[in-house]
Amino acid sequence: MTNTKNCQKVALITGGSKRIGASICKALHAFGINVIIHYGKGLQSAKNLSDELNAIRKNSAKMIGFEFIDIDNITKTNAFKNQVLNLFGRLDIIIHNASSFYPSDLNDEFEVLNRHWNDLFLTNAKAPFFISQLFLEELQKNNGQIVSILDIHADNKPYVGYSIYTMAKTAHKAMVQCLALELAPSIRVNGISPGVNILPPDFDEAMRATLTNSVPLKQIGTPDDIAGVVIFVLNAPYMTGQVIAVDGGRGLTLKGG
Ligand SMILES: NC(=O)c1ccc[n+]([C@@H]2O[C@H](COP(=O)([O-])OP(=O)(O)OC[C@H]3O[C@@H](n4cnc5c(N)ncnc54)[C@H](OP(=O)(O)O)[C@@H]3O)[C@@H](O)[C@H]2O)c1
């Protein structure tokens, strides 16, 4: 991927319209890559970002809506595939960034936990797997790459209270390792694990201070910290099946299983 600026590569970034996804889109775009911004419900944010990027470089950003709940619907999934491939006529890179994230209360009713199970596994494991599979032929043709945005809690560091999320992200991490082996040498597959890169909006100053203090580097990360490592991974041609933590050292302070 070293001469990327001159060969007009195309990347699909899932959940790319906001937060970490938007930072990744901007970083890839600044690197000369054309971006396909995937959104679920965030049509307006995707449109705003795409307008912003197209103002910098004409016809360099497009968007695609796809609710992962439709992944079981072959007709809709094939339509998604065809639309993605038609946007720029090729695809070289998939960044699996989209995710849902919330706690699992073991005291909840079966119906609630089952709904959460289906949603958390859908966004964090099933969609990344089937979206990768959907574009395999195209990525093989282009010596493409897959980068998965994981979580430090998927590295044998269970997130207490978030069991289903932890399980789903751990499955996603296993996908990175399995696909890296199965798709080598034509496609490289790597993962990046954020620690705390954006705090939930309902965190007050005291909670922020406690969390900041728990990070060895004494700061909350930023979406750009993740985006920078995506660029690094894309340009590391001898690297596959690896997961890099970008967490200010926080993972080292967590108890392993
Ligand atoms: N934020 C952190 O500090 C942190 C920490 C550890 C790991 N991570 C990981 O880093 C990645 C990005 O984090 P983030 O906080 O920026 O993500 P986020 O805002 O929670 O989610 C990213 C996007 O995922 C999309 N999405 C969710 N459910 C979907 C569905 N059913 N169908 C289609 N799209 C769906 C949403 O797109 P729409 O808005 O368009 O619906 C959403 O904007 C995630 O994989 C997350 O697990 C983040």
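Residues: numbered from 1 along the sequence shown. Computed from a predicted structure; not experimentally measured. Counting starts at 1 for both ligands and their atoms, in listed order.
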Minimum-distance protein heavy atom relative to [atom]:
| atom | answer |
| --- | --- |
| atom 41 (O) of ligand 1 | Lys41 N, 2.6 Å |
| atom 36 (C) of ligand 1 | Gly15 CA, 4.6 Å |
| atom 8 (N) of ligand 1 | Pro194 CG, 3.7 Å |
| atom 37 (O) of ligand 1 | Gly40 N, 3.8 Å |
| atom 10 (O) of ligand 1 | Ile149 CG2, 3.2 Å |
| atom 15 (O) of ligand 1 | Arg19 NH2, 2.8 Å |
| atom 5 (C) of ligand 1 | Gly195 O, 3.1 Å |
| atom 44 (C) of ligand 1 | Asn97 O, 3.1 Å |

Distance-only, no hydrogens or angles: does the Glu138 side chain make a donor-acceptor pair with backbone N or O of Leu91 under 3.5 Å? yes
Contact with ligand 1 for His96, non-hydrogen, under 4.0 angstrom: no
Applying a strict 4.0 Å limit to heavy atoms, is Ser193 in contact with ligand 1? no
Can you list the atoms of ligand 1 that are under 4.0 Å from a heavy atom of [X]?
| X | value |
| --- | --- |
| Val196 | 3 (O) |
| Thr123 | 28 (N), 29 (C), 30 (C), 31 (N) |
| Tyr165 | 7 (C), 47 (O) |
| Gly42 | 38 (P), 39 (O), 40 (O), 41 (O) |

With [atom] as the reference point, say which of [options] has the nearest heavy atom.
| atom | options | value |
| --- | --- | --- |
| atom 3 (O) of ligand 1 | Asp225, Ile69, Asn197 | Asn197 |
| atom 27 (C) of ligand 1 | Ala22, Ser99, Ser23 | Ser99 |
| atom 9 (C) of ligand 1 | Leu150, Ile20, Asp151 | Leu150 |
| atom 39 (O) of ligand 1 | His38, Lys18, Arg250, Glu67 | Lys18 |
| atom 33 (C) of ligand 1 | Phe66, Tyr39, Tyr102 | Phe66 |

Are there protein heavy-atom neighbours of atom 25 (C) of ligand 1 below 4.0 Å? yes
Please tabulate, one pair per line, all N/O donor-acceptor pairs under 3.5 Å involving side-chain atoms of residues 166-175, not counting sequence neighbours.
unit_1 : atom_1 : unit_2 : atom_2 : d
Thr166 : OG1    : Tyr159 : N      : 3.3
Thr166 : OG1    : Tyr162 : O      : 2.9
Lys169 : NZ     : Asn124 : OD1    : 3.3
Lys169 : NZ     : Ile149 : O      : 3.0
Thr170 : OG1    : Thr166 : O      : 2.6
His172 : ND1    : Asn124 : O      : 2.9
His172 : NE2    : Ser148 : OG     : 2.7
Lys173 : NZ     : Asp155 : OD1    : 3.3

Taking 4.0 angstrom as the limit, do [X] and [Y] come out as a salt bridge?
| X | Y | result |
| --- | --- | --- |
| Glu52 | Lys26 | yes |
| Asp119 | Arg115 | no |
| Lys41 | Glu67 | yes |

Aromatic Phe88 / basic Lys62 pairing, under 6.0 angstrom, 45° off normal: yes
Measure up the His38 and Phe80 rings against each other and bin them: parallel (under 30°), tilted (30 to 60°), perpendicular (over 60°). perpendicular
Side-chain heavy atoms under 4.5 Å apart, restricted to Ile/Leu/Val/Met/Phe/Trp/Tyr: what other residues fall into the cluster of Ile220, or is it alone? Val196, Leu199, Phe203, Met207, Leu211
What about Val147 and Phe232, same hydrophobic cluster or not, with Ile/Leu/Val/Met/Phe/Trp/Tyr joined at side-chain heavy-atom distances under 4.5 Å? yes
May I ask you to check whether Phe121 and His116 place their ring centres under 6.0 Å from each other? no
Flag if over 12 foreign heavy atoms under 6.0 Å of CD1, Ile69: no
May I ask you to check whether Arg57 and Asn34 show a side-chain donor-acceptor distance below 3.5 Å? yes
